[in-house]
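Read through the structure below, which is laid out as structure tokens, and then see the notes.
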Amino acid sequence: MKILVLNCGSSSLKYQVLEMSATSNTLLAKGLVERIGSPNACHSHKIDRKDKYQVEKAISNHTEAIRSVLEMLTDVEYGVMKDLSEIEAVGHRVAHGGEFFFKSVPIDDDVMDKIEKCCQLAPLHNPANLTGIKAMAELMPDVPQVAVFDTSFHQSMPDYAYIYALDYSYYEKYKIRRYGFHGTSHKFVAEKACKLAGMDLDKTKLITCHLGNGSSVTAIDCGRSVDTSMGFTPVEGVTMGTRSGNLDIGVVTFLMEKEGLDAAGINNLVNKQSGLQGLSGFSSDCRDLVDAEKSGYYRAELALKKLAYDIKKYIGAYAAVLNGVDMIVFTGGIGENSDRVRELICTGLDYLGVSFDFKKNAGTRGVDVVLSKRNSKVKVMAVTTNEELVIATDTMDIVNELREKAAIEENN
Ligand code: AMP
């Protein structure tokens, strides 16, 4: 089954086409349309064994961007199918499902309504996701579409973990609570790590650390998320590329007064100018900081230590939440690749039963690997994530279910 996976941002569109079956999956093509809405939008597209194809042209909206993608998919030279009818389903990454969605769902009018209702919770992402869904429905009305939410995996959090200690009426009125993000990635790496380690997910206590430009840590008990570090928005939690992570609210009100910042100014500050970028003063990229640390640059070292310290604190907290931990999993650009950050985090976790293999960790990147010693009570793994594959898998499963249901109804 060929599945098109779409991830629509406010002015960008990422896509992949995967050939999926119950036993295998193959990536056929992937690409990105950037600067949608501008006269020099850029569409880049890549298929196996060919150089990347790139074209600049005017693309005024998401419908045009998707049209450009569909044209590329059937292109004589760069295409991966003869006819668009080969696409059997479309899976959409949707940022926020609020309290409506506990799992991925087939898209219909009611689902679109609910995604719309969640726009106030994710004003930058949900409107773009909806635009992509509507554009696809217009261009390929007969193809089933599925929504996969960043938040749904964390809907299993208990009330005392997701509630903020504010006046309860704000929860009732605005649904202000902790939601968590990166759900598809946490779920995927938890399942993958358990499978690789020969452990039963339903009996395992896991702490998964998705560390990239955005980072979050999740406590998973028997396959269910019971707490996660991101909250109402992705700003809460650990230090990130450009986000501050946890911050005393007093700092916000102080800066509003001193610097004359309004809500938009504060939003920009904590989302775009903080984290590794703000601390180092020159880069949000972990690789740059590791290089600068080697040259003795104090603020790069400080930024890396702060990042690792935050994550270590969440590991300690979540070990308490879970009443112990069997496995710690690292993923995301930093978690998969940065031996320096993993080393900083895993130094001094022996009290927890972690016997980290520092030698094996050194230089290891981009692979699925056990990083703890054989006798370690707590297993530590680095595992590559693949959110598009989760979206394609959920989409295939849902479409197969719908087909089975339709077949049974027809037989009746
Ligand atoms: P992501 O958001 O998951 O794509 O992750 C982006 C982050 O991963 C950036 O901070 C990169 O510096 C970091 N990263 C990617 N490759 C490496 C690497 N080889 N070593 C250290 N950090 C890396």
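First listed ligand is number 1; within each ligand, the first listed atom is number 1. Residues: numbered from 1 along the sequence shown.
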protein heavy-atom neighbour closest to atom 21 (C) of ligand 1 works out as R287 CG, 3.5 Å
How are the rings of H182 and H210 set to each other: parallel, tilted or perpendicular (split at 30° and 60°)?
parallel
For S338, take its heavy atoms, then give the atoms of ligand 1 lying under 4.0 Å from any of them.
21 (C)
Answer yes when E71 and R67 have at least one side-chain N-carboxylate O distance shorter than 4.0 Å, and no when they do not.
no
Where do S355 and S376 come nearest, in terms of heavy atoms and distance?
N-OG, 2.8 Å
Check I176 against Y164 and note the closest heavy-atom contact, atom names and distance.
CG2-CD1, 4.0 Å
So, is C286 polar-close to ligand 1, with some N/O to N/O distance under 3.5 Å?
yes
Is the Y78 ring parallel, tilted or perpendicular to the H45 ring (thresholds 30°, 60°)?
perpendicular
Contact bool for atom 4 (O) of ligand 1 (protein heavy atom, d < 4.0 Å):
no
Who's the nearest protein heavy-atom neighbour of atom 7 (C) of ligand 1, and how far?
I334 CG1, 3.8 Å
Is a salt bridge present between K134 and E138, judged by a nitrogen-to-oxygen distance below 4.0 Å?
no
Does only the side chain of R340 get under 4.0 Å from ligand 1, or the backbone, or both, or neither? Count heavy atoms.
neither
Test your reading of the structure: does G333 have an N or O sitting under 3.5 Å from an N or O of ligand 1?
yes
Between ligand 1 and N213, is the shortest N or O to N or O distance under 3.5 Å?
yes
Please report the C-alpha distance between H96 and F149 in whole Å, then the side-chain angles of each, then the deciding distance to 0.1 Å, and finally whether the ring-ring contact (aromatic ring centres under 6.0 Å, His included) criterion is met.
CA-CA 6 Å; H96 218 305; F149 301 91; 9.1 Å; no
Do me a favour and list the nearest non-hydrogen protein atom to atom 18 (C) of ligand 1 with residue, atom name and distance?
N337 CB, 3.3 Å
ring-ring contact (aromatic ring centres under 6.0 Å, His included) with F358: which residues, sequence neighbours excluded?
F356
List ligand 1 atoms under 4.0 Å from G212, heavy atoms only on the residue side.
1 (P), 2 (O), 3 (O), 5 (O)
Which residue supplies the protein heavy atom nearest to atom 12 (O) of ligand 1, what is that atom called, and how far is it?
D285 OD1, 2.3 Å
